[in-house]
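Lettering of chains follows the sequences in order, A, B, ..., and the numbering in each one begins at 1. Computed from heavy atoms alone, side chains included, the values below leave out hydrogens, waters and symmetry copies.
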2 protein chains.
Amino acid sequence: MIRMDHTEERATTVSVPTRELIPGEAAQAVVPMKLGRKRDHSRDPEILGAALDVLAETGYDGMTIDMVAARAKAGKATLYRRWASKSDLVIDAVACMKRDELDPANLPDTGTLRGDLVALVRPPSIAEGERKMHIVSGLISMISRSPELAEAVRGAFVEPRAAANRILIRRAIERGEIRADVDVETLSMLVPSMAAYRLLLQHGALDRDFLIGVIDGILLPAVGIRPHEG
Amino acid sequence: MIRMDHTEERATTVSVPTRELIPGEAAQAVVPMKLGRKRDHSRDPEILGAALDVLAETGYDGMTIDMVAARAKAGKATLYRRWASKSDLVIDAVACMKRDELDPANLPDTGTLRGDLVALVRPPSIAEGERKMHIVSGLISMISRSPELAEAVRGAFVEPRAAANRILIRRAIERGEIRADVDVETLSMLVPSMAAYRLLLQHGALDRDFLIGVIDGILLPAVGIRPHEG
DNA sequence: CGTATCCGGAACTGGTCAGTTTCGTATATG
DNA sequence: CATATACGAAACTGACCAGTTCCGGATACG
């Protein structure tokens, strides 16, 4: 999973207690401890952020290490000191998109399924989703050829969004708001699927009206909630 | 639209009537008519087919003109005699995917919406859709940067599939099987959207069970048709 | 203060690929 | 049969880029 520090950055600290470190036994035996200037890890997020920016603009194949280095005001050698290859850098950058995903413990809880779902499609959340989807679009071609990248995208993008919807739907079931035999898994993918297709292939805007339309016109009717209209 | 014959293949036939060709005026004035060996247009489909094969295997950026030429047993020069650039060749290849799309005049008509939709997801149709979706996946990154390619993909892939669903749903409305105020446009994109998302981002199989699940678990309930179960 | 490592910057290397040209051959027209 | 073009094959050109190395300067340890 962790693909940083491909240059070992020294075995540093202590000799790994390969087996049984008896308490009281001093660990820092003959190990020469680290030496020289230390790697500035506070730059990592800036570099990964720069990589995401470039990915969004050019896609995987269009991105070059020089672009990322220039954008991060870092040297190419610095990047290669931390990641073994372009693909490793990208996988790490994608993985760190997860950082600002919805927190499952902090989801909207309005009391109705519609209220919860609508709360998820507030404009700032839409804009962030649009940006991430755009980044992912530049990776899709690679996804079918790199299982590691595929896993990173699923973990940082697909799964968190599905999980959020899954939780909201399960809550609605527990409340008795909707039937318990609905297909939770497929329903959880409904909004992300339609948003992705619209954005990537239909070239349509991912506006609030569209997403509300999917919720009110498809998702809620599908689980038996008729819009309180007319 | 037509991007073939980028080398003019001779001005051939007649001198273009730049202005006012009065009827009766003989057109083939001094024009030397074509000369030399003629371009063998029967090879075009083979070349475009080879391009689609390579696209499916490697994606847009991984595809090289040499690969396509080798696969089509043609010379590179032959390809460049017919298309001005790699992107022109790809756009033509994508456009010719439309050839074997559903014929709107020849859609299933079983008398029920479910029957019609299920008839669309017969295994051979699924396999073809899976292949095309795989080709498209290798183009998505490019789509956001090439409006022409985007248009080709929509015309050859997105629109025909949406059109088929649109027609089936409209028929169901006309029959009185479903309400007339459903969102036909969004519903037409439902199955393609979920199929694409599952295939491209979830790495899931596009099997019949999944598609039937979308139809029975989401689409039909959404338009008010409850599965006649237990 | 010496040494090992970090840094940003820039030069270098080797491979790849779009697009062009050349060559010998095949096939049309006149 | 002379001319103009298409053909497959292969060589060539120029750009681009992943990855490496080297530089002068900064920083941490002993």
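The nearest whole Å value for the distance from the CG atom in A:Leu35 to the C1' atom in D:dA28 is 8 Å. One interatomic measurement links the two molecules: OH of B:Tyr80 to C1' of D:dC12, which rounds to 14 Å at whole-angstrom precision. One can place CG of B:Asp40 at 14 Å from C1' of D:dT5, the figure rounded to the nearest angstrom.
With hydrogens and angles ignored, the 3.5 Å screen pairs no side-chain donor or acceptor of A:Ser146 with any backbone N or O of A:Met142.
A salt bridge links A:Lys132 to A:Asp100: at least one charged side-chain nitrogen sits closer than 4.0 Å to a carboxylate oxygen.
For the OP1/OP2 pair of C:dC6 and a distance below 4.0 Å, the side-chain nitrogens and oxygens of A:Arg39 include at least one atom meeting the criterion. In this structure, A:Lys38 does not reach the D:dA28 phosphate: none of its side-chain N or O atoms is under 4.0 Å from OP1 or OP2. Look at B:Arg43 and you won't find any side-chain N or O under 4.0 angstrom from OP1 or OP2 of D:dA6. For B:Arg81 and C:dT20, the shortest distance from a side-chain N or O to OP1 or OP2 is not below 4.0 Å.
You won't find any donor-acceptor pair under 3.5 Å spanning the side chain of B:Arg37 and the base of C:dA28, going by distance alone.
Listed nucleotides: D:dA18, D:dG8, C:dA18. Nearest to the side chain of A:Lys76: D:dA18. Closest to the B:Ala74 side chain, of the nucleotides D:dG8, C:dT20, D:dT21, is D:dG8.
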Kindly list each side-chain donor-acceptor pair under 3.5 angstrom involving residues 154-168 of chain B, sequence neighbours excluded, with atom names and distances?
unit_1   : atom_1 : unit_2   : atom_2 : d
B:Arg154 : NH2    : B:Glu151 : OE1    : 3.3
B:Glu159 : OE1    : B:Arg166 : NH2    : 2.8
B:Arg161 : NH1    : B:Glu101 : OE1    : 3.2
B:Arg161 : NH1    : B:Glu101 : OE2    : 2.6
B:Asn165 : ND2    : B:Arg161 : O      : 3.3
B:Asn165 : ND2    : B:Ser188 : O      : 3.2
B:Arg166 : NH1    : B:Glu185 : OE1    : 2.8
B:Arg166 : NH1    : B:Glu185 : OE2    : 3.2

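Residues meeting the salt bridge (Lys or Arg N to Asp or Glu O under 4.0 Å) test with A:Arg122, sequence neighbours left out: none.
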List the steps and the verdict of side-chain hydrogen bond (donor to acceptor under 3.5 Å, both in side chains) for A:Thr64 and A:Asp66.
CA-CA 5 Å; A:Thr64 71; A:Asp66 292 270; 4.6 Å; no
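DNA chain C is contacted by both A:Leu79 and B:Ala77; A:Leu79 maps to the nucleotide lying nearer its 5′ end (nearest heavy atom per residue).
The stretch residues 56-68 of chain A touches DNA chain D through A:Met63, A:Thr64, A:Ile65, each having a heavy atom under 4.0 angstrom from the strand.
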